**Student:** 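Encoded as structure tokens, here's the structure I'll be asking about.
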Amino acid sequence: MKKTFLFLIFLIFSCLSAFAWEVFFNLPPDAGQLKNSVLELIGSAHRSIHISIYSLDDEDVISLLRAKSFEGLDVRIVMEGENYVKNIKMLSDLDIVADPLNNGLMHSKYMIVDGKYVWFGSTNLTNSGFYQDFNNSMIFESPEIADVFEKDFRKMREGYFENSKDDESGMLFVDNVRMKVCFSPSEETFESILEMLKHAKSEVDVAIYSFSDPRIALTLATLDEKGVKVRVLADESWNSSSYSFVPEMKEFSFVKKYHLSKGLFHHKYIIIDPRGIDPVVITGSYNLTLSAERKNDETVVILHSKEISLRYLDNFEALYISN
């Protein structure tokens, strides 16, 4: 009887733990799962839906947000001004605060539901973001994480963007995952990324849309020279332009441009030592650019977790082989 009881407790604990976080990628054949995760999360809301998003044009998402607002839920949005103006006809009946057009980009991509679920990553709530661009997102169930994101959200809802708001960063420990949440523009955000890279022991894998920060490039080159396995996948179109640092890195074999005939290689994640004693994943909306550090409103989440790092590594390996 005692063994049966302990087994049931273990089973219940395992089930609860399994729902503390989840990772989603839109790499075919599972492309629809990422959008479905967003719709299911919005559909599950009972009290509030707070969204910070660079671009929003997916009709299914907008329709569901509108329906939730009509039900009386607290549905509020912060959005990049240029994209809000572009889609104002379909968004005009939603409660949206837009970033001024002359600012840097409001580039964050996160959602807080009922003060306890947080969705974040590289994905915009757009048709192309779901079905054409390569993206990743995570959902965490944690009031503590939600509170950190809410502080950043409230600042922007009050009109504080760019350097007019403080970095509401936070250190957290949720379901055996040690994590740090940072918001740009902030030197601390960049320093946190750089510090993680400098401590890499065996492997660094980078999937990135925009790469123009020479300090990151130099750090990766130094790691490569020290014998750390470094691999970078970067969007071919953006990183063939004069804005990118990639054309200057031809001598470094670890950089590969990822070609998509339609859509963007839109990931923004870094995996550090996934098979080591302290595996790390860095994800969010932050491209490896100076603008991400100094001008844009961005989100960076640093996660210390073997399980999460291996999930991201599976995605990276599939991309690397297919390129």
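This structure is a prediction, so every number in the text was calculated from the model and none was measured.
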**Student:** Distance only, no hydrogens: is a donor on one side chain within 3.5 Å (strictly under) of an acceptor on the other, for Ser186 and Glu188?
**Tutor:**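 Glu188 and Ser186 do not have a side-chain donor-acceptor pair below 3.5 Å.
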
**Student:** Between NE2 of His199 and CG of Asp273, what distance do you get to the nearest 0.5 Å?
**Tutor:**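 Rounded to the nearest 0.5 Å, the NE2-CG separation comes out at 11.0 Å.
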
**Student:** Does Asn296 use its side chain to pair, donor to acceptor, with the backbone of His107 at less than 3.5 Å?
**Tutor:**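 Answer holds: no.
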
**Student:** Are side-chain heavy atoms of Asn136 and Thr123 found at a separation under 4.5 Å?
**Tutor:** no

**Student:** Enter the distance from Asn124:CG to Ile53:CD1 here, rounded to the nearest 0.5 Å.
**Tutor:**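 Asn124 atom CG to Ile53 atom CD1 measures 5.0 Å (nearest 0.5 Å).
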
**Student:** Write down the atom of Val174, the atom of Glu141, and the distance for their closest heavy-atom approach.
**Tutor:** CG1-O, 4.4 Å

**Student:** Are Leu194 and Val230 connected in a single hydrophobic cluster, I mean Ile/Leu/Val/Met/Phe/Trp/Tyr linked by side-chain heavy atoms less than 4.5 Å apart?
**Tutor:** yes

**Student:** Would you sort out whether Phe153 and Phe183 count as a side chain to side chain contact (heavy atoms under 4.5 Å, CB included), showing the intermediate values?
**Tutor:** CA-CA 10 Å; Phe153 181 78; Phe183 301 96; over 6 Å; no

**Student:** Does any non-hydrogen side-chain atom of Tyr312 lie less than 4.5 Å from one of Met138?
**Tutor:**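 Met138 reaches Tyr312 side chain to side chain.
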
**Student:** Got a donor-acceptor contact below 3.5 angstrom from the Asn103 side chain to the Asp99 backbone?
**Tutor:**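 No; zero donor-acceptor contacts below 3.5 Å.
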
**Student:** Could you tell me whether Lys116 and Asp114 have a side-chain N and a carboxylate O separated by less than 4.0 Å?
**Tutor:**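 Salt bridge absent between Lys116 and Asp114.
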
**Student:** Taking all non-hydrogen atoms of both residues into account, name the closest pair between Pro279 and Ser309 and its distance.
**Tutor:**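 Scanning both residues completely, I find the closest heavy atoms to be CB-OG, 3.3 Å.
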
**Student:** Show the nearest heavy-atom pair for residues Thr126 and Ser55, with the distance to one decimal.
**Tutor:**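 Here Thr126 and Ser55 meet closest at CG2-OG, 3.4 Å.
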
**Student:** Transitively linked via ILVMFWY side-chain contacts under 4.5 Å: Tyr54 with Tyr131?
**Tutor:**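 Hydrophobic grouping puts Tyr54 apart from Tyr131.
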
**Student:** Under a plain distance cut-off of 3.5 Å, with no hydrogens placed, do Asn135 and Ser122 share a side-chain donor-acceptor pair?
**Tutor:**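 Per modelled atom types, Ser122 and Asn135 side chains form a pair under 3.5 Å.
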
**Student:** If you group Ile, Leu, Val, Met, Phe, Trp and Tyr by side-chain heavy-atom gaps below 4.5 Å, do Leu290 and Leu220 land in one group?
**Tutor:** no

**Student:** Flag yes if Leu105 and Ile96 sit in one hydrophobic cluster, no otherwise; membership is Ile, Leu, Val, Met, Phe, Trp, Tyr, and two members link when side-chain heavy atoms are under 4.5 Å apart.
**Tutor:** no

**Student:** Please check if any side-chain donor atom of Asp297 sits under 3.5 Å from a side-chain acceptor atom of Ser108, or the reverse.
**Tutor:** no

**Student:** Taking the side chain as every heavy atom from C-beta outward, state whether Ser202 and Lys229 have any pair of such atoms under 4.5 Å apart.
**Tutor:** no

**Student:** Got a second to check how far Ile302's CD1 is from Ile193's CD1, nearest 0.5 Å?
**Tutor:**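 Interatomic distance, Ile302 CD1 to Ile193 CD1, rounded to 0.5 Å: 6.5 Å.
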
**Student:** Lys180 and Ser192: side chain to side chain donor-acceptor pair (under 3.5 Å), yes or no, with the steps?
**Tutor:** CA-CA 9 Å; Lys180 182 177 184 179; Ser192 296; 3.0 Å; yes

**Student:** Just one of Lys306, Arg178, Lys201 clears the salt bridge (Lys or Arg N to Asp or Glu O under 4.0 Å) bar with Asp278, so which one?
**Tutor:** Arg178

**Student:** How about Phe265 and Tyr258: are their ring centres within less than 6.0 Å of each other?
**Tutor:** yes

**Student:** Show, in sequence, the C-alpha distance, side-chain angles and deciding distance for Ile42 and Val113, and conclude whether the side chain to side chain contact (heavy atoms under 4.5 Å, CB included) test is met.
**Tutor:** CA-CA 7 Å; Ile42 295 172; Val113 171; 5.6 Å; no

**Student:** Would Phe134 and His266 count as a close aromatic pair, with their ring centres under 6.0 Å?
**Tutor:**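 Centroid distance Phe134-His266: not below 6.0 Å, so no.
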
**Student:** Name the orientation class of the two ring planes belonging to Tyr320 and Phe316 (parallel below 30°, tilted from 30 to 60°, perpendicular beyond 60°).
**Tutor:** parallel

**Student:** Within a strict 4.5 Å, meaning less than it, do heavy atoms of the Ile62 and Leu91 side chains meet?
**Tutor:**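 They are in side-chain contact.
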
**Student:** Does some side-chain heavy atom of Phe161 sit less than 4.5 Å from a side-chain heavy atom of Lys155?
**Tutor:** no

**Student:** Check Ser137 against Leu34 and note the closest heavy-atom contact, atom names and distance.
**Tutor:**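 Distance-wise, the nearest heavy atoms are OG-CD2, 4.2 Å.
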
**Student:** Kindly say whether Gly32 contributes a backbone atom to a donor-acceptor pair with the side chain of Asn36 at under 3.5 angstrom?
**Tutor:** yes

**Student:** Hey, could you give me the CG/CG distance between Asp57 and Leu125, rounded to the nearest 0.5 Å?
**Tutor:**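 Here the interatomic distance stands at 9.0 Å.
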
**Student:** Tell me whether Glu150 at atom CD has more than 12 heavy atoms from other residues, nucleotides or ligands lying less than 6.0 Å away.
**Tutor:** yes

**Student:** Grab the two heavy atoms, one from Lys89 and one from Ser92, that are nearest each other, plus how far apart they are.
**Tutor:**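 Residues Lys89 and Ser92, closest heavy atoms: O-OG, 3.6 Å.
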
**Student:** Mind running side chain to side chain contact (heavy atoms under 4.5 Å, CB included) on Val280 and Ile282 for me, showing each step along the way?
**Tutor:** CA-CA 7 Å; Val280 173; Ile282 304 172; 4.0 Å; yes

**Student:** Inspect the surroundings of CD in Glu187 and state if more than 12 heavy atoms from other residues, nucleotides or ligands are less than 6.0 Å away.
**Tutor:**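 Atom CD in Glu187 is not crowded, with 12 or fewer foreign heavy atoms closer than 6.0 Å.
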
**Student:** In the structure I gave you, are the side-chain heavy atoms of Lys256 and Arg231 within less than 4.5 Å of one another anywhere?
**Tutor:**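 Side chain of Lys256 against side chain of Arg231, heavy atoms only: no contact under 4.5 Å found.
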
**Student:** Mind checking the NE2-OG spacing from His259 to Ser261? Nearest 0.5 Å is all I need.
**Tutor:**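 Rounded to the nearest 0.5 Å, the NE2-OG separation comes to 5.5 Å.
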
**Student:** Please check if the side chain of Asp213 supplies one atom and the backbone of Arg215 the other of a donor-acceptor pair under 3.5 Å.
**Tutor:** yes

**Student:** Measure across Arg66 and Met90 and return the closest heavy-atom pair with its distance rounded to 0.1 Å.
**Tutor:**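 For Arg66 versus Met90, the nearest heavy atoms are NH2-O, 3.0 Å.
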
**Student:** For the backbone of Phe130 and the side chain of Asn26, can you confirm whether one donor and one acceptor N or O come within less than 3.5 Å of each other?
**Tutor:** yes

**Student:** Does Phe211 offer a backbone N or O that forms a donor-acceptor pair with the side chain of Thr289 under 3.5 Å?
**Tutor:**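 Flag not set: sc Thr289 to bb Phe211 has no pair under 3.5 Å.
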
**Student:** For the OG atom of Ser52 and the CZ atom of Arg157, what is their distance to the nearest 0.5 Å?
**Tutor:**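 Between atom OG of Ser52 and atom CZ of Arg157 there are 11.0 Å.
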
**Student:** Does a side chain donor of either Tyr209 or Asp133 reach within less than 3.5 Å of an acceptor in the other side chain?
**Tutor:**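 Short answer, no.
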
**Student:** Parallel, tilted or perpendicular: which one describes the rings of Tyr269 and Phe25, with boundaries at 30° and 60°?
**Tutor:** perpendicular

**Student:** Are Arg311 and Leu313 side-chain neighbours, meaning at least one heavy-atom pair lies under 4.5 Å?
**Tutor:**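 Sidechains of Leu313 and Arg311: no contact.
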
**Student:** Is it the case that atom CD in Glu59 sees more than 12 heavy atoms from other parts of the structure closer than 6.0 Å?
**Tutor:**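 No, the 6.0 Å shell around CD holds no more than 12 heavy atoms from other groups.
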
**Student:** Classify the side-chain pair Asn239/Lys257 by whether it contains a donor and acceptor separated by less than 3.5 Å.
**Tutor:** no

**Student:** Test Val75 against Asp95 for side chain to side chain contact (heavy atoms under 4.5 Å, CB included), laying out the working first.
**Tutor:** CA-CA 7 Å; Val75 179; Asp95 184 352; over 6 Å; no

**Student:** Taking the side chain as every heavy atom from C-beta outward, state whether Asp74 and Arg76 have any pair of such atoms under 4.5 Å apart.
**Tutor:** yes

**Student:** Tell me whether Leu94 shares a hydrophobic cluster with Ile88, the cluster being built from Ile, Leu, Val, Met, Phe, Trp, Tyr side chains joined at under 4.5 Å.
**Tutor:**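 Cluster IDs for Leu94 and Ile88 match.
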
